[in-house]
Enquirer: 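My questions all concern the structure below.
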Amino acid sequence: MMRKKIVAGNWKMNKTPKETAAFLSGAKDKMVSDAVDVVFCVPFVDLQVAVDALAGTGIGVGAENMHFEDAGAFTGEVSAPMLKEMGVEYVVLGHSERREYFGETDEMINKKVKKALASDLKPILCCGETLEQREAGITIEWVRMQIKCGLLGLTAEEVQKVVLAYEPIWAIGTGKTATSEQAQEVCKAVREVVAEVYGDATADVVRVQYGGSVSGANAAELFAMADIDGGLVGGASLKEDFADIIHYNK
Ligand code: 13P
């Protein structure tokens, strides 16, 4: 089974709309790929600029979060229909920064995953352990539970549309990448839990990214691992060097 790799940038809280337009108009030609699905996940206020700048390139645009209701009294929130109308294709859900700083629980994240799929948005569902959890030897157990809870109640067909992203928290923004063996071990465990709950056919199709200090220097080794189908990239996606990750096998 050949899964197409997917390399997604997660800009987090970086770049204004003007900076987005300037960066993407200058860099987009280098970011185009037939071999890899390329996605830029950007702040809400940059989404329309990104959708317009990337039109016709085949590069997708994603949001970094969304609410699980379509509309209502949720001050400050953004809904799936709003994203969809703008031409957004993906949405990052359950990033560790949302869990840690904004109190997102597995239950909320599961509702968001369901809403995204019902709205024809492709969720990028994140999981990952803290350093303390890794040192305590509970990484696999923890990540299995995050995946089970995040995907709870979905059909196998729906799970196939989800992108799963394993991001060890200790490797995010630290320059400390998981070794390719460490990343492979957990990405394999993620695929195994999908197989247990949704069957082998679904586990074969679902894409599992690694995230955490991915760079042009380590992407080729990470993406060569059997269960790693690309990367979710923070810091390096803000620069033109992101192209080195997209074209990791050149
Ligand atoms: P860095 O690539 O900056 O470590 O960030 C990873 C990440 O959190 C992507 O979602």
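In this text, all values refer to a predicted model and were calculated from it rather than measured experimentally. In listed order, ligands and their atoms are each counted from 1.
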Enquirer: Less than 4.5 Å apart, any side-chain heavy atom of Leu164 and any of Val194?
Expert: yes
Enquirer: Does Lys122 make a cation-pi contact with Tyr90 (under 6.0 Å, within 45 degrees of the axis)?
Expert: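 Yes.
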Enquirer: Measure across Leu54 and Thr57 and return the closest heavy-atom pair with its distance rounded to 0.1 Å.
Expert: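 Nearest pair, atom of Leu54 first, then Thr57: O-OG1, 2.5 Å.
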Enquirer: Go through ligand 1 atom by atom and flag the ones less than 4.0 Å from a non-hydrogen atom of Gly173.
Expert: 1 (P), 3 (O), 4 (O)
Enquirer: Could an N or O of ligand 1 be found under 3.5 Å from any N or O of Thr174, whether backbone or side chain?
Expert: no
Enquirer: Give the numbers and elements of all ligand 1 atoms closer than 4.0 Å to a heavy atom of Ser213.
Expert: 1 (P), 2 (O), 4 (O)
Enquirer: I want to know if ligand 1 touches Glu167 in the polar sense, i.e. an N/O pair below 3.5 angstrom.
Expert: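 N/O-N/O distance under 3.5 Å: yes.
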Enquirer: Applying a heavy-atom cut-off of 4.0 Å, say which part of Ala165 lies close to ligand 1: side chain, backbone, both or neither.
Expert: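 Near ligand 1, Ala165 shows nothing, with every heavy atom at 4.0 Å or more.
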Enquirer: Number the atoms of ligand 1 from 1 as they appear, then name those within less than 4.0 Å of a heavy atom of Ala171, with their elements.
Expert: 4 (O)
Enquirer: Which bit of Ile172 is near ligand 1, meaning a heavy atom under 4.0 Å away: side chain, backbone, both or neither?
Expert: both
Enquirer: Hey, do the aromatic rings of Phe40 and Phe242 have their centres closer than 6.0 Å?
Expert: yes
Enquirer: For the residue pair Lys15 and Phe23, would you count it as a cation-pi contact if the rule is NZ or CZ under 6.0 angstrom from the ring centre and within 45 degrees of the ring axis?
Expert: yes
Enquirer: Under 3.5 Å, N or O to N or O, is Gly234 touching ligand 1 that way?
Expert: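 Between Gly234 and ligand 1 (N or O atoms, distance only) the closest approach is under 3.5 Å.
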Enquirer: Please state whether Gly212 comes within less than 4.0 angstrom of ligand 1, counting heavy atoms only.
Expert: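 Checking ligand 1 against Gly212, which is what was asked, there is a heavy-atom contact under 4.0 Å.
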Enquirer: For ligand 1, which atoms have a heavy atom of Gly235 less than 4.0 angstrom away?
Expert: 1 (P), 2 (O), 3 (O)
Enquirer: Would Arg191 and Asp204 count as a salt bridge (charged side-chain N to carboxylate O under 4.0 Å, His left out) here? Give the steps.
Expert: CA-CA 8 Å; Arg191 196 177 307 287; Asp204 275 351; over 6 Å; no
Enquirer: Any idea which heavy atoms bring Tyr210 and Pro168 closest together, and the distance?
Expert: CE1-CD, 3.5 Å
